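For reference, the structure is listed below as structure tokens.
On a predicted model such as this, the values are computed, not experimentally measured, just so you know. Note: hydrogens, waters and symmetry copies are ignored here, and every other heavy atom, side chains too, is used.
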Amino acid sequence: MNAHPAIPGPCVWLLSSPSAWDTWKRLAERIEAEKLFAMPLSDHPFSPWISLTEGRAQGSRLADRLANGQRGVLTLDDPLLPDPRGASEAVFQWLSEQALEKNVILHILRPEHWHLDSIDTFLYLARRLETEHIAILADATALMRAPLWRRVLETLKNEIGFSVESPQSHAPDGPDPIDQVQTDGSIKQFASCGAHHAARALLEREDLLRETWKIARFRALLSLSAGDDAAVELATTRMSSLAPNSRVRALSLRIRMLSMHRLGNVEGMVAAVEAARHCHADPSIPRGWVCLDEALAHSLISAPQSHIRWLDLLLSLPDADVSLSCRATAFIWRAAAAYSRGEGTFAADALSAALPILDQLGEVTRATHVRLRLGLLLSALDRSADGARMLRTAAASAIALGDMNSAAVAATEAACAAATNGEPALMAQVAAFCGWKAEHVGAEIRAAKLHYQITAYAALASGRLDDVLDNASYLEKDAYDQPRLCFEAAILRLLVASRQRFPTKPYVHAVTSRSKMLGGEEQPLALIRLAHIQDYLKIH
């Protein structure tokens with residue numbers, strides 16, 4: 001815990017008057033805060049954040065990570081680019097470490113020269129910061145004069161109710177950021193770091209005749225991330241034609257198979273895996289990727305047992321034969337297979353094994369999705385306290401990513417898990433943390449109703465049962481095509497009836513009936529959750 005006094009107010013301040021800057025200067029002196037300055041020093045996309053590290057504790061570690069991409073050099077066999085949010089999370093963790101000993105006031109300087117990626121890290125921090133010992137200061141006028149920053153500030157305003165004092169006039173929009181990318185070398189460097197402007201530049205290039213297999217690879221990976229399957233086919237075909245060896249050709253087929261899997265292209269997968277098997281004779285290809293190729297192919301073209309056997313073989317291999325990214329993917333796929341077979345405990349264990357690997361790799365986005373799924377599983381497996389805490393973490397991560405819908409879902413499920421486990425304090429904490437976020441996730445019925453669900457559980461924690469019932473009614477209103485919301489309303493009515501010592505049998509019947517209207521993955525989780533609630537009611 002931090003022993004020094006907290007910085008008052010929100011985490012991010014946009015100042016536009018000399019008096020406001022003077023106030024912060026006096027405050028910094030009074031609380032002995034350390035000032036850090038983020039400013040671009042070079043053309044590298046993360047240069048402003050590298051500038052923070054000079055001469056400071058663990059600074060070289062962060063600087064090296066940012067300079068070399070999120071997890072160093074992209075390995076030859078990886079079919080996915082590193083997560084660009086890994087760099088932002090690394091900056092957040094480093095700032096949090098600095099704030100353990102002293103308050104930190106971070107100044108944003110020369111914003112007109114920032115790359116989009118550094119601005120994206122600012123946006124990530126603005127959503128991610130929960131500490132009372134870090135504040136970010138910026139000149140509102142300078143930010144609003146920069147086209148890229150104006151869009152980011154508008155995003156903040158829409159998502160978290162951020163108010164910005166705008167200057168009377170704006171400078172005209174500057175050149176598109178993709179114009180900053182000129183050479184093949186810089187494209188490869190920025191694409192390996194996950195740079196947004198480099199991704200756009202690379203996908204829009206037409207001079208394919210000068211393309212090397214490495215450039216074609218980046219084009220294929222970026223196209224896969226963008227969900228452009230036609231572009232994936234074009235890029236992997238080009239990559240195979242330029243490939244110097246069978247290992248590169250195997251990688252091109254691996255990328256192609258991921259695209260085909262998304263499309264459900266069984267015939268294409270059969271042809272691709274047959275071609276991949278010819279490449280697998282190359283002893284330089286790590287055994288883990290060979291197993292993953294087979295597991296990927298068998299997920300569509302054969303019985304689930306074959307898919308599972310290949311994954312189990314992969315997970316039994318020594319570390320020397322399996323890269324971290326390959327092993328993490330295998331755990332996630334194995335969890336999905338176990339869940340589909342009703343093996344919830346096995347699925348939860350597999351996801352738990354994947355999480356530390358994803359965190360080590362800086363795969364923030366995939367780790368967030370895994371935490372959300374794992375939290376739901378733990379809550380359904382009679383481990384509501386663990387599930388609530390996992391979902392609380394998932395909500396915070398989803399907010400930082402700008403995925404407000406997932407954040408609201410995680411928050412409501414965390415509140416429910418805490419309530420059914422008899423932890424009103426934790427549940428109220430979750431509601432206080434994330435409840436207001438649901439108002440900013442969109443106008444869809446599903447999103448808007450999440451706010452009522454969180455409010456209902458906050459009312460349940462404080463014993464305001466009439467408010468719980470009112471919000472349950474709001475959930476059901478106009479939700480005839482949203483069976484999940486009707487199910488949640490029935491759960492709330494059941495919990496209220498138990499608090500009021502009413503007979504719960506008719507309420508259990510209502511929950512059971514509404515659970516049968518759920519589809520896909522929701523129904524088995526709902527039935528497990530109902531069984532746990534019934535056990536809880538018997539005890540209490």
Side-chain angles (χ1 to χ4, degrees), residues 1-4 6-7 10-12 33-39 44-72 82-108 114-115 117-137 192-195 324-325 328 352 354-372 374 389-390 392-403 407 410 433:
M1 296 293 293
N2 303 71
H4 45 289
I7 300 175
C11 296
V12 181
E34 182 174 7
K35 298 180 189 177
L36 300 179
F37 300 94
M39 60 184 295
H44 190 277
F46 300 112
S47 171
W49 303 110
I50 295 174
S51 71
L52 300 178
T53 64
E54 295 182 354
R56 291 186 167 83
Q58 303 298 321
S60 59
R61 182 190 63 187
L62 177 62
D64 290 344
R65 182 170 191 180
L66 296 180
N68 297 318
Q70 283 67 258
R71 63 179 190 222
D83 186 350
R85 302 302 176 86
S88 300
E89 178 65 16
V91 173
F92 165 74
Q93 294 294 342
W94 185 82
L95 284 173
S96 297
E97 291 173 6
Q98 308 308 303
L100 289 174
E101 301 297 331
K102 182 180 286 190
N103 287 323
V104 171
I105 298 179
L106 174 62
H107 294 259
I108 303 298
W114 282 43
H115 283 289
D117 293 86
S118 285
I119 298 175
D120 191 59
T121 295
F122 166 86
L123 184 57
Y124 184 93
L125 292 175
R127 298 180 182 128
R128 183 76 168 86
L129 286 177
E130 301 171 40
T131 176
E132 296 176 329
H133 299 276
I134 299 175
I136 301 178
L137 307 185
S192 65
C193 294
L324 289 176
S325 57
S352 297
L355 262 181
I357 302 176
L358 294 174
D359 288 338
Q360 180 180 348
L361 294 174
E363 296 287 342
V364 177
T365 304
R366 282 209 291 172
T368 300
H369 295 156
V370 167
R371 283 189 169 88
L372 178 55
L374 179 57
R389 291 179 175 84
M390 184 65 66
R392 163 69 166 77
T393 303
S397 298
I399 289 170
L401 295 173
D403 186 356
F433 172 72

[X] versus [Y], closest heavy-atom pair with distance:
{"X": "A354", "Y": "A328", "result": "CB-O, 4.0 Å"}
{"X": "L355", "Y": "A367", "result": "CD2-O, 3.7 Å"}
{"X": "W94", "Y": "L36", "result": "CZ3-CD1, 4.0 Å"}
{"X": "R127", "Y": "A400", "result": "NH1-O, 3.1 Å"}
{"X": "S118", "Y": "P48", "result": "OG-CD, 3.1 Å"}

With a 4.5 Å cut-off on side-chain heavy atoms, are D120 and R85 touching?
yes
Quick one: does D83's side chain get under 4.5 Å of R366's, heavy atoms only?
no
So how far is it from [X] [atom1] to [Y] [atom2], rounded to the nearest 0.5 Å?
{"X": "S96", "Y": "L125", "atom1": "OG", "atom2": "CG", "answer": "9.0 Å"}
{"X": "T121", "Y": "L66", "atom1": "OG1", "atom2": "CG", "answer": "7.5 Å"}
{"X": "I399", "Y": "Y124", "atom1": "CD1", "atom2": "OH", "answer": "11.5 Å"}
{"X": "I357", "Y": "E363", "atom1": "CD1", "atom2": "CD", "answer": "11.5 Å"}
{"X": "R65", "Y": "S60", "atom1": "CZ", "atom2": "OG", "answer": "13.5 Å"}
{"X": "H44", "Y": "S51", "atom1": "NE2", "atom2": "OG", "answer": "13.0 Å"}

Name the residue from L95, I105, N103 that meets the side-chain contact (heavy atoms from CB on, under 4.5 Å) definition with I134.
L95
Give me the one residue out of L106, L62, V104 that meets side-chain contact (heavy atoms from CB on, under 4.5 Å) with L52.
L106
side-chain contact (heavy atoms from CB on, under 4.5 Å), that's the test. Do F46 and V91 meet it? Break it down for me.
CA-CA 10 Å; F46 300 112; V91 173; over 6 Å; no
Any donor-acceptor pair under 3.5 Å from S397 side chain to T368 backbone:
no
Can a donor-acceptor pair be found, under 3.5 Å and without considering hydrogens, that links the side chain of T53 to the backbone of W49?
no
Q93 and E89 side chains, donor-acceptor separation under 3.5 Å:
yes
Any residue meeting salt bridge (charged side-chain N to carboxylate O under 4.0 Å, His left out) with E34, in chain and number order, not counting sequence neighbours:
R56
Could you please spell out the steps behind the side-chain contact (heavy atoms from CB on, under 4.5 Å) verdict for R371 and L358?
CA-CA 11 Å; R371 283 189 169 88; L358 294 174; over 6 Å; no
